[in-house]
Amino acid sequence: MGAPAWPDADADHEDLLAIQHRVAERAVFEDAGAPTPTAVERAVHGGRNSPVVVGVDQAFDGDDAVSAAVAMADGRVIERATAERETTIPYIPGLLSFREGPAVEAAIEALTVEPDLLLIDGSGRIHYRQAGLATHIGVAVETPAVGVAKALLCGRPRESLAGRRPAGVQIPIEADDEVTAPEGTIVGHAVQTRQFDSPRAINPVFVSPGHRVGHRRAARIGLAACDGYKLPEPIRLADHAAGRATE
DNA sequence: GCGACAG
DNA sequence: ATCTTGTCGC
């Protein structure tokens, strides 16, 4: 078992923080088992003997969290699975994993295929205690994971994010005094996965290591997994699947 | 007290 | 995350 079981609804706030510190201790923020960006490119765009890349996203159905996991390999969707769990803890920035984690883990375990990489919507190392949803899940299921968030939770961009950047640009996100990592540690990147020529600029996504991957490879994986849209294809498909499971 | 704040 | 139609543009 890579991480503690999910806490009860009546767990103390301090217990939750303690769990996250443990998750961060067990997390590996360096390349150790995660597929290369090239391999991920084959899984999403096509190729032989690619790894199994699974995208995960959530939707809500009343008080329940609905999670969808979409597995891709050799350029095709090979399996989809969903799981629904009652939410007990409310949404609190920094404690998201305790609200959505149970459903996410259940959806991943409902797959019959074994994931080589998890692409999870939400932060990984870009988190106050370096234990965002992607890190918590990666450690819990002992699988390489990358976090892809649509907004920045914490940390300091090395450069201003104002204005427009062309697709492919990666701006380091450094730890500040709110993050439990030495000041200046690169905990992730703002990745411009998509950009238009139109007057309306597209925002970047925030990619960070979840487990068994370094920040550099995580960012390149984020770009390699995109297919014409702002979000990595497996996550985009999981988004649709989760929404459909709600209807 | 003020501002920040994944989904 | 979610409540929600049309509309501007490639």
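Each chain gets a letter, A, B and so on, in the order its sequence line appears, and its residues count up from 1. Atom set for the values below is all heavy atoms of this structure, side chains included, hydrogens, waters and symmetry mates excluded.
Side-chain atoms of A/E79 come within 3.5 Å of backbone atoms of A/T112 as a donor-acceptor pair (strictly under, hydrogens ignored). One N or O on the side chain of A/H211 and one on the backbone of A/V28 form a donor-acceptor pair closer than 3.5 Å. A donor-acceptor pair under 3.5 Å is absent between the side-chain atoms of A/S97 and the main chain of A/G132, judged by distance alone. A donor-acceptor pair is defined here as one N or O able to donate and one able to accept, closer than 3.5 Å; no such pair exists between the side chain of A/H189 and the backbone of A/V169.
Taking all atoms of both residues into account, the shortest heavy-atom contact from A/G94 to A/H127 is O-NE2, 2.8 Å.
Atom CZ of A/R220 has 12 or fewer neighbouring heavy atoms from other residues, nucleotides or ligands inside a 6.0 Å radius. Within a 6.0 Å radius of CD in A/E86, other residues, nucleotides and ligands contribute 12 heavy atoms or fewer. For CD of A/E183, the number of neighbouring non-hydrogen atoms (other residues, nucleotides, ligands) closer than 6.0 Å is greater than 12.
Under a 4.5 Å side-chain heavy-atom cut-off, the cluster of Ile, Leu, Val, Met, Phe, Trp and Tyr residues that includes A/I186 has no other member. If you chain together ILVMFWY residues whose side-chain heavy atoms come under 4.5 Å of each other, A/F196 ends up grouped with A/I202.
A/Y91 comes within contact range of at least one nucleobase, with a heavy-atom separation under 4.0 Å. Residue contacts for A/A65: at a heavy-atom cut-off of 4.0 Å it reaches no nucleic acid atom on any strand shown.
Among pairs with a residue in residues 170-182 of chain A, those fulfilling side-chain hydrogen bond (donor to acceptor under 3.5 Å, both in side chains) read A/Q130-A/T180, A/R156-A/E174, A/R158-A/E174, A/Q170-A/R216, at least two apart in sequence or across chains.
Contact check of residues 92-105 of chain A against DNA chain B (heavy atom, cut-off under 4.0 Å) returns A/P93, A/G94, A/L95, A/L96, A/E100. Taken residue by residue, residues 147-168 of chain A places heavy atoms nearer than 4.0 Å to DNA chain B at A/A149, A/K150, A/A151, A/L152, A/L153. Of the residues in residues 217-235 of chain A, none lies under 4.0 Å from DNA chain B by heavy-atom distance.
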- prompt: Can you give the dot-bracket line for DNA chain B, where a pair is Watson-Crick or G-U wobble with both atom distances under 3.5 Å, crossing pairs use [ ], and | marks a partner on another strand?
  reply: .......

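Salt bridge annotation for A/E25-A/R22: absent, with no cationic side-chain nitrogen under 4.0 angstrom from a carboxylate oxygen.
Residues passing the salt bridge (charged side-chain N to carboxylate O under 4.0 Å, His left out) test with A/D31, sequence neighbours excluded: A/R217. Looking at residues two or more places apart in sequence or on another chain, you find no side chain to side chain donor-acceptor pair (under 3.5 Å) involving A/R80.
In summary, contact between chain A and DNA chain C, defined as any nucleotide atom under 4.0 Å from a heavy atom of the protein, begins and ends at C/dA1 to C/dT2 in the 5' to 3' direction. Scanning DNA chain B 5' to 3' for nucleotides with an atom closer than 4.0 angstrom to a non-hydrogen atom of chain A gives a first and last hit of B/dC5 to B/dG7.
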message: Before you tell me yes or no, could you show the steps for A/S50 and A/D74 under side-chain hydrogen bond (donor to acceptor under 3.5 Å, both in side chains), namely the whole-Å CA-CA distance, both residues' side-chain angles and the distance that decides it to 0.1 Å?
response: CA-CA 5 Å; A/S50 83; A/D74 297 339; 3.1 Å; yes

field: side chain to side chain contact (heavy atoms under 4.5 Å, CB included) between A/L17 and A/D12, worked out
entry: CA-CA 9 Å; A/L17 300 186; A/D12 296 318; over 6 Å; no

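Stems are defined here as 3 or more consecutive Watson-Crick or G-U wobble pairs with pairing distances under 3.5 Å; none involve DNA chain C.
Grouping the Ile, Leu, Val, Met, Phe, Trp and Tyr side chains by contacts below 4.5 angstrom, directly or via other members, places A/L117 with A/V207.
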